[in-house]
Amino acid sequence: RGDVLDDRVTRLLYSTDGSLYRLTPAVVVCPRDAEDVARLVFFSQETQIPIVARGAGTGLAGESLTTGIAVDFTRYMTQIVDLDLSNGRARVQPGVILDEINRLARPAGWQFGPDPSSGSRATVGGSVANNATGAHSLHYGYCSDNICSLEVMLANGRQIRTNEPAARDLEQKL
């Protein structure tokens with residue numbers, strides 16, 4: 001249901017990111033939902049073609065580049081599913097831009113942890129993948145410090161949800 005783009009211009013646009021590296025993907029896929037992602041993962045497994053998730057491509061280490069399938073979540077998977085300002089929690093899709101979630105959370109005094117200089121372009125999914133931080137990491141922490149749970153797709157296509165740590169586990173870590 002999503003887009004499969006294999007034209008030369010698109011592939012060249014996705015061959016760079018915020019780094020000095022350049023790898024041209026074989027194809028770019030923009031999934032519409034988790035079912036599209038599952039189908040894509042199964043296809044990757046069957047064909048042994050590598051797959052790399054991509055947000056805005058703002059990473060500085062080439063982590064969003066591939067010669068295989070570049071998966072762009074910024075076209076369709078950009079929904080803020082739930083925003084609970086009273087508890088400072090949000091449920092979002094991976095293509096949501098950091099500044100967008102923070103713009104909505106700011107009136108209640110909340111900010112999603114990482115504050116990279118690329119926040120106007122960087123996505124929540126990319127921030128999670130890179131455990132992003134920013135200039136104010138001592139105050140806001142790393143991305144992983146601000147996540148309650150994740151719904152993720154494993155390389156074998158299995159979907160799992162990580163659990164929020166139990167209160168006693170948190171106390172033991174302190």
Side-chain angles (χ1 to χ4, degrees), residues 1-80 92-103 111-138 140-147 150-160 162:
R1 292 180 309 262
D3 301 334
V4 178
L5 310 166
D6 64 354
D7 62 280
R8 181 172 165 75
V9 171
T10 299
R11 291 174 51 240
L12 288 174
L13 287 171
Y14 284 80
S15 70
T16 61
D17 62 2
S19 72
L20 298 174
Y21 305 108
R22 181 182 204 122
L23 290 174
T24 304
V27 66
V28 176
V29 176
C30 304
R32 287 193 182 267
D33 53 30
E35 188 176 326
D36 276 357
V37 176
R39 288 179 180 164
L40 186 56
V41 169
F42 286 125
F43 175 79
S44 173
Q45 288 292 317
E46 288 176 4
T47 60
Q48 295 298 298
I49 298 173
I51 182 173
V52 172
R54 181 180 174 112
T58 58
L60 301 175
E63 58 270 49
S64 66
L65 302 178
T66 182
T67 57
I69 303 167
V71 185
D72 183 351
F73 289 101
T74 64
R75 183 166 289 181
Y76 299 114
M77 296 185 73
T78 60
Q79 184 180 4
I80 297 173
V92 303
Q93 293 180 322
V96 170
I97 303 297
L98 284 177
D99 278 3
E100 177 63 14
I101 188 71
N102 285 328
R103 181 185 66 78
Q111 176 168 324
F112 180 59
D115 67 333
S117 60
S118 60
S120 64
R121 300 163 309 285
T123 63
V124 172
S127 297
V128 169
N130 296 316
N131 197 20
T133 185
H136 301 97
S137 62
L138 293 177
Y140 295 118
Y142 288 75
C143 189
S144 61
D145 297 325
N146 296 285
I147 294 175
L150 297 169
E151 293 177 20
V152 298
M153 176 99 35
L154 301 177
N156 65 4
R158 184 173 157 232
Q159 288 180 281
I160 65 166
T162 64

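When each of D7, L5, L12 is checked for a side chain to side chain contact (heavy atoms under 4.5 Å, CB included) with V9, only D7 meets the rule. Considering L40, V28, T66 in turn, L40 is the only one that fulfils the side chain to side chain contact (heavy atoms under 4.5 Å, CB included) rule with V71.
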Could you walk me through whether E35 and R1 pass the salt bridge (charged side-chain N to carboxylate O under 4.0 Å, His left out) test, one step at a time? CA-CA 9 Å; E35 188 176 326; R1 292 180 309 262; 3.4 Å; yes

Passes side chain to side chain contact (heavy atoms under 4.5 Å, CB included), C143 versus F112? Steps please. CA-CA 8 Å; C143 189; F112 180 59; 3.5 Å; yes

Passes side chain to side chain contact (heavy atoms under 4.5 Å, CB included), V128 versus L150? Steps please. CA-CA 9 Å; V128 169; L150 297 169; 4.0 Å; yes

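Between the CZ atom in F73 and the OG1 atom in T78 there is a gap of 12.0 Å [rounded to 0.5 Å]. Taking CD from Q111 and CZ from R103, the interatomic distance works out to 14.0 Å, rounded to the nearest 0.5 Å. Separation of atoms CG (D33) and CZ (R39) is listed at 8.0 Å; rounding is to 0.5 Å. Considering CZ of R11 and CG of L23, their distance stands at 12.0 Å, rounded to 0.5 Å. We find the OG1-CD1 distance between T162 and I147 to be 8.0 Å, quoted to the nearest 0.5 Å. One distance of note links OG of S120 with CG of L98; it measures 9.5 Å at 0.5 Å rounding.
Side chains of Y140 and N146: no donor on one and acceptor on the other come within 3.5 Å. S144 and N131 form a side-chain donor-acceptor contact under 3.5 Å, judged by distance and modelled atom types alone. Using a 3.5 Å distance cut-off with no hydrogens or angles, the side chains of Y76 and D3 do pair a donor with an acceptor.
Pairing each heavy atom of T123 with each of P94, the nearest pair is CB-O, 3.3 Å. In plain terms, the two heavy atoms of R54 and S64 that are nearest each other are NH1-OG, 3.5 Å. When all heavy atoms are compared, the tightest approach of P31 to M77 is O-CG, 3.6 Å. The minimum heavy-atom distance between M153 and A34, with the atom names listed, is CE-O, 3.8 Å. When all heavy atoms of T16 and L65 are compared, the pair lying nearest together is C-CD2, 3.6 Å. Nearest approach of L60 to S19, heavy atoms of both residues: O-CB, 3.3 Å.
The closest donor-acceptor contact from the side chain of D145 to the backbone of Y142 lies under 3.5 Å. Put simply, the side chain of Q79 never gets that close to the backbone of Q93: no donor and acceptor are under 3.5 Å apart.
Using a 4.5 Å heavy-atom threshold, the side chains of Q45 and N156 count as separate. Residues Y14 and T24 form no side-chain contact, since every pair of their non-hydrogen atoms from C-beta on lies 4.5 Å or further apart. At a threshold of 4.5 Å between non-hydrogen side-chain atoms, the residues V124 and E100 do not count as touching. In this structure the side chain of I80 reaches within 4.5 angstrom of the side chain of V92, judged on heavy atoms.
Heavy-atom neighbours of L20 CG from other residues, nucleotides or ligands within 6.0 Å: at or below the threshold of 12.
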